[in-house]
Amino acid sequence: MEQGNLIKDNYKKINQISARCMRVIVFMLVIAFVYCWFLTDIDDMLLVIFFASSVFVALIPTLVVNVFKVDEAPSTKYVVIICVSIIATSLLTLLSSLAFPIMLFPIMMASLYTNQTLVLFASLLMSCGVAISSFMSCRFHDLFIGSQYTDFYDVLIAYTIPQIVIVFIMSVVAYFIVQRNSMMINTAVNTAVTMQNNQNGLIYSFAEISESKSKFTGEHIKRVAEYMRVLGKASGFDDEYVDKLATASMMHDIGKLMISEEILDKPDKLTDEEYQIMKNHVLYGEALLEKCPGEMMHLACVLAKEHHERWDGSGYLGMKGEEIAYISRLMAVCDVFDALTSDRYYKKGWSLEDTFDEIIRLSGKHFDPKVVKLFIQNFDAFKAIHNKIPDKQKY
């Protein structure tokens, strides 16, 4: 997993949190509306216009993030800050000193992103908002509550400047807090990336050992991992899960470490006893991985155990249909596709077209029909991977 992907995923999650915060603000706006409706003498139509507009603006981040799914775009965070600044300005205009705390909301929201530039942007917007609300409160003082000044100079000295100073002070505090948090997050991300890369390297090494024991090259596990990546994305999994799934798939034959080379490399047909021993590699793989911590190792354990199961129940362990984990049904197609198309010392690889026809023929028997449908839709990607990562060793 790359550092950029981790940061991108972090922004995505923060955008979703920000959208939820804005929905909480909607609840606060409703409470403020009820208060103003019953306990103030502000014109009813003015109240409705102000609060209806504010609710609409507060729901814009939800539309952007949750409805239109623009939760990874860099511009989304600016949309959030602009929306909360507009709401804060409206409430300051309508309620004056009663809404002072709201002017800090944009800075608080900007702090979520641990982005110093965004904090400064929020500070600038809110300063403009304070100036606008001061002008509106002074110009239309008879429409809003809490408006005590009718002279622009008086409102500037007693109202506008003090609030802008407060915004500036809080922005400076938030700026340095964000700076510190940003450093800590970058350190944590770098550590996570290093650990992930180390784990991936270790997994690849063990997987390559298991393949090389039976005279395979490491290209088999590379191709299978890429095939799993294709089907994982086609299944709708997020990028982080697809990365884990692709890496875990490289461990599917780790149980072969427990099988003797005489059986693994036997050029003739295996005896019934030898075949039973060979089948046990799925159980050996499960035993090796089942106590390893972490989601990726759990996925590897499932794939190691179930990658030879068949949709009709004729696989190694007799599991059938939905009893087989979905990722193992993906693995079955990927593993068989690579096994059929690859040269081995005991056979010549099939053509891509013949393999394609065979997998379709086995739909509903060996393979889950839904997975076969995904395979058909992404066959071009499979062909590209097969051609891009050829075996280094010819048999």
Side-chain angles (χ1 to χ4, degrees), residues 1-3 5-6 8-10 12-13 188-189 191-211 213 218 220-259 279-311 313 315-339 367-368 370-371 374-375:
M1 184 181 298
E2 299 179 353
Q3 181 177 1
N5 289 335
L6 281 172
K8 182 179 179 181
D9 185 58
N10 187 52
K12 180 177 179 179
K13 292 177 179 177
V189 167
T191 301
V193 170
T194 301
M195 292 179 64
Q196 187 70 64
N197 290 339
N198 291 341
Q199 184 182 37
N200 290 351
L202 185 61
I203 288 174
Y204 178 76
S205 296
F206 273 108
E208 194 169 35
I209 289 171
S210 70
E211 296 298 332
K213 185 177 180 182
H220 167 67
I221 58 177
K222 290 180 182 178
R223 286 193 298 268
V224 167
E226 291 306 310
Y227 296 147
M228 283 292 280
R229 189 181 300 278
V230 169
L231 291 186
K233 288 183 178 179
S235 299
F237 297 136
D238 62 51
D239 290 344
E240 181 179 359
Y241 187 84
V242 168
D243 285 340
K244 291 179 180 178
L245 186 60
T247 303
S249 69
M250 295 193 291
M251 300 282 280
H252 68 281
D253 273 335
I254 193 69
K256 287 183 178 179
L257 289 172
M258 310 301 291
I259 306 297
K279 287 168 61 176
N280 284 338
H281 84 271
V282 297
L283 298 178
Y284 294 146
E286 180 191 24
L288 288 170
L289 298 171
E290 65 179 346
K291 293 185 179 180
C292 296
E295 182 183 14
M296 185 186 298
M297 301 310 289
H298 171 70
L299 296 175
C301 180
V302 172
L303 295 175
K305 177 185 177 183
E306 300 180 6
H307 69 281
H308 280 294
E309 297 311 294
R310 300 187 177 190
W311 184 253
Y316 282 12
L317 303 178
M319 301 172 69
K320 64 183 297 186
E322 299 290 339
E323 295 175 359
I324 309 167
Y326 179 72
I327 60 172
S328 300
R329 289 177 253 156
L330 299 180
M331 185 74 217
V333 170
C334 297
D335 195 32
V336 170
F337 177 84
D338 195 71
F367 307 117
D368 178 354
K370 292 184 295 185
V371 176
L374 291 179
F375 167 76

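Note that the structure is a prediction, hence the values are computed from the model and not measured.
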A.B. asks: Considering non-hydrogen atoms only, spot the tightest contact between Leu303 and Ile327 and give its length.
C.D. replies: CD2-O, 3.4 Å
A.B. asks: Which atom pair, heavy atoms only, marks the closest approach of Met319 to Glu306?
C.D. replies: CE-OE2, 3.5 Å
A.B. asks: Applying side chain to side chain contact (heavy atoms under 4.5 Å, CB included), run through Glu286 and Val282 and close with a yes or a no.
C.D. replies: CA-CA 6 Å; Glu286 180 191 24; Val282 297; over 6 Å; no
A.B. asks: Using the side-chain contact (heavy atoms from CB on, under 4.5 Å) rule, pick out the option among Met251, Lys244, Met250 that qualifies with Thr247.
C.D. replies: Met250
A.B. asks: So, taking the atom named CG in Leu330 and the one named NZ in Lys370, what distance separates them when rounded to the nearest 0.5 Å?
C.D. replies: 10.5 Å
A.B. asks: Please find out if less than 6.0 Å separates the ring center of Phe367 from that of Phe375.
C.D. replies: no
A.B. asks: What heavy-atom pair brings Gly318 and Glu309 nearest, and what distance separates the two atoms?
C.D. replies: N-OE1, 3.2 Å
A.B. asks: Angle between ring planes, Tyr316 versus His308, binned at 30° and 60°: parallel, tilted or perpendicular?
C.D. replies: parallel
A.B. asks: Can you tell me if Asp253 and His307 form a side-chain donor-acceptor pair at under 3.5 Å?
C.D. replies: yes
A.B. asks: Check whether any side-chain N or O of Ser249 sits under 3.5 Å from a backbone N or O of Ala246 as a donor-acceptor pair, and report yes or no.
C.D. replies: yes
A.B. asks: Does any part of the side chain of Met296, heavy atoms only, come nearer than 4.5 Å to the side chain of Tyr241, both counted from C-beta?
C.D. replies: no
A.B. asks: Of the non-hydrogen atoms in Val242 and Lys233, which two are nearest, and what is the gap between them?
C.D. replies: CG2-N, 3.8 Å
A.B. asks: Would you compute the distance between atom NZ of Lys12 and atom CG of Asp238 and round it to the nearest 0.5 angstrom?
C.D. replies: 6.5 Å
A.B. asks: Testing the basics here: between Gly255 and Leu288, what is the closest heavy-atom pair and its distance to 0.1 Å?
C.D. replies: CA-CD1, 4.5 Å
A.B. asks: Does the side chain to side chain contact (heavy atoms under 4.5 Å, CB included) test come out yes or no for Tyr284 and Leu257, once each step is laid out?
C.D. replies: CA-CA 8 Å; Tyr284 294 146; Leu257 289 172; over 6 Å; no
A.B. asks: Could you tell me whether the side chain of Asn280 and the main chain of Leu283 form a donor-acceptor pair under 3.5 Å?
C.D. replies: no
A.B. asks: Salt-bridged, Glu226 to Lys222, with N to O below 4.0 Å?
C.D. replies: no
A.B. asks: Would you mind checking if Arg229 and Asp243 are paired as a salt bridge, meaning a charged N to carboxylate O distance below 4.0 Å?
C.D. replies: yes
A.B. asks: Roughly how far apart are Met228 CE and Leu245 CG, rounded to 0.5 Å?
C.D. replies: 4.0 Å
A.B. asks: I need the minimum non-hydrogen distance between Leu374 and Ser235, along with the two atoms involved.
C.D. replies: CD1-OG, 3.5 Å
